[in-house]
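All chains are named by letter (A, B, ...) in the order of the sequence lines, taking the proteins before the strands, and each is independently numbered beginning at 1.
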Amino acid sequence: MLFIENLFVNYGMIKALQGVSLVVKEKEIVALIGNNGAGKTTTLKTISGLIKPTSGKIYFKDIDLIKLSPCQITKLGIIHVPEGRKPFANLSVYENLRLGAYFVNKKSEIEERLSFVFKIFPRLKERLKQPAGTLSGGELQMLAIGRGLMAKPNLLLLDEPSMGLSPILVEEIFSVIKNINEEGTAILLIEQNAAKALSVAHRAYVLETGKIMLEGKAEELINNENVKNIYLGVK
Amino acid sequence: MEYFFQQLLNGFQLGSVYALISLGYTMIYGIIRLINFAHGDIFMLGAYFGFYAITRLKFNFFSAIIFSMVLCMIINVIIEKIAYAPLRKKNVPRINLLITAIGVSFFLENFTSLKIIFGPDYQPYPRPFKIITFDFLGLTISSIQIIVFLITLVLLLILDYLIKRTKIGLAMRAVSYDKDTAFLMGINVDRIISLTFALGAALAGAAGVLYGICYPQIYPYMGVMPGLKAFVAAVLGGIGVISGAVLGSYIIGMVEVFTAAFVSSTFRDAIAFAILIIVLLTRPQGLFGKEEGIKL
């Protein structure tokens, strides 16, 4: 479904990505794990078109994404839920969700998608009229994912969904991620919480200083000695 | 006392024109953080387009306003595409955009001063409708004032509806808050920016025609002072805040008229800039602006 080959991205003199290749297949959860500064967010931003790579290929079902603008990429159903939730704090929860389905004009369709999101995150329904800026961290993450779901994504790019959340909320968010995937949406998941990410993912890639160091099935990586030592904190 | 209320009316008239100009300042600032110093010159163009529509094309007053608004929209979008968009795409520092805007302003003033364009001379503005004055509780209200108030009100209501109730307005608010995330929603950010320039220009164009019929003399540099004062009004209200710009404009309009009426007309320009200095020193975010936090 998503096919990335030999991707290079520079920020001025800094080489952020140095030949990343990865694949996300239909209905898969793929985790991309790695430390701060390894290039995880850069990878996602390049997929969604916010950053243009210096070289490499990104294809989504035979469509060359590098030539497209971010809004065209969104139209294909590749939905990026950014790091730090990035709510439009000046807008209400409803308006944020409405923007998630920006291309949709039919009222009934919007209603349908809203009720789908409320089924997953009932809390958002209670907060509908509130400015997004007044939500708690957990609610903001729900809003960010809910806003992504409003677009009916084919491929969901999630950037650090567990960041800054309490353990209970982390559990909740990850079970939602699993549910979304079971309904047929492919997910590329970025996480520092590698243990959690590997527990839901089918496959995973380990990114270090802009290069893929390891890849494999999630359960294999969980048992890999290096991954255990560096990312899972097991001695 | 009557004199006082009469001046209040005059202040309201001037404030209305400033409001229409300062909305463009504040919207464009809101969307790309640019203080568009060429905005006063769009107002000037609007006055001239209305002038030619009435004198040469024999348009009636309302079609002349629409004509002027449409032409200003087109020109401002072209200016944005030629002058600002290439810079924005290169992510230059904001100061570069500001200097470019000043350049655009000088260009418009001097280019339109050419004999083959508008010419450097003052032109008397036509009065396309009869001026009737009404006596109302001892005050004299002219048909010009009523038309200025009504048109301003209608335009403000349309703008408010557009921004608060339509999808385009929602997209504008999203873009002004966070461009990258707006992209991720699938919003065509460049188109929304163009649209903001177009909206600002439409209001400035209407303001130009209204200004022309209120103070019937136009020339290529006429946009400088009203433009700067509308800018002061936008800063006073809190730049980027729509309602602030409107209120700020009425305050500036009133203060200016009252200064001219009760102090001395030589101070009428100075007072607006004195307000700017006081605002910047004491409350730089303006009356309604929020202090901008550091964005990470």
Side-chain angles (χ1 to χ4, degrees), chain A residues 11-12 41 44-45 47-52 68-92 94-107 110 131-133 140 143-144 146-153 156-159 163, chain B residues 26-27 29-31 33 81 85-86 88-93 160-196 238-244 285-286 288-296:
Chain A
Y11 291 122
T41 298
L44 281 207
K45 284 188 172 173
I47 297 171
S48 57
L50 291 178
I51 298 174
K52 290 293 165 203
L68 301 183
S69 70
C71 57
Q72 289 169 313
I73 292 172
T74 304
K75 261 187 193 165
L76 293 173
I78 302 175
I79 304 301
H80 180 169
V81 177
E83 185 181 9
R85 295 76 143 135
K86 297 288 163 68
F88 296 105
N90 57 332
L91 306 180
S92 71
Y94 170 78
E95 288 171 323
N96 270 273
L97 292 172
R98 175 70 187 86
L99 281 171
Y102 186 68
F103 292 120
V104 185
N105 286 320
K106 244 172 80 186
K107 264 216 170 115
I110 293 168
L140 284 178
L143 179 61
R147 191 174 63 181
L149 291 176
M150 287 295 288
K152 273 208 173 163
L156 199 57
L157 312 171
L158 295 176
D159 196 340
M163 192 171 64
Chain B
T26 219
M27 285 195 296
Y29 182 85
I31 212 109
R33 304 290 182 272
K81 289 275 178 248
R88 271 195 295 113
K89 300 224 163 100
K90 283 186 188 151
N91 274 326
V92 298
D160 188 68
Y161 177 82
L162 211 66
I163 289 177
K164 288 199 181 136
R165 303 256 170 258
T166 66
K167 194 171 109 171
I168 295 286
L170 183 59
M172 282 174 70
R173 285 181 287 153
V175 171
S176 89
Y177 189 78
D178 180 347
K179 243 171 240 78
D180 270 1
T181 310
F183 266 126
L184 296 180
M185 300 297 110
I187 295 170
N188 189 334
V189 173
D190 287 310
R191 198 174 298 160
I192 296 294
I193 292 171
S194 290
L195 192 93
T196 309
I239 193 143
V241 184
I242 302 256
S243 49
Q285 73 273 33
F288 297 100
K290 291 187 193 86
E291 262 175 282
E292 265 185 41
I294 299 160
K295 262 193 199 164
L296 293 174

Would you mind telling me which of A/Arg98, A/Lys75, A/Gln72 has the largest number of heavy-atom pairs within less than 4.5 Å of chain B?
A/Arg98
Between B/Thr181 and B/Asp178, is there a donor-acceptor pair closer than 3.5 Å when you use the side chain of the first and the backbone of the second?
no
Evaluate salt bridge (charged side-chain N to carboxylate O under 4.0 Å, His left out) for B/Arg88 paired with B/Asp190, printing each intermediate quantity in order.
CA-CA 10 Å; B/Arg88 271 195 295 113; B/Asp190 287 310; 3.2 Å; yes
Candidates B/Ile168, B/Ile242, B/Leu170 - the one meeting side-chain contact (heavy atoms from CB on, under 4.5 Å) with B/Ile163
B/Ile242
Interface moiety of A/Leu99 toward chain B, non-hydrogen atoms closer than 4.5 Å
both
Interface check, chain B: of A/Ala89, A/Ala151, A/Gly100, A/Ser69, most non-hydrogen pairs under 4.5 Å belong to A/Ala89
Within-4.5 Å side-chain heavy-atom neighbours: A/His80 and A/Pro82
yes
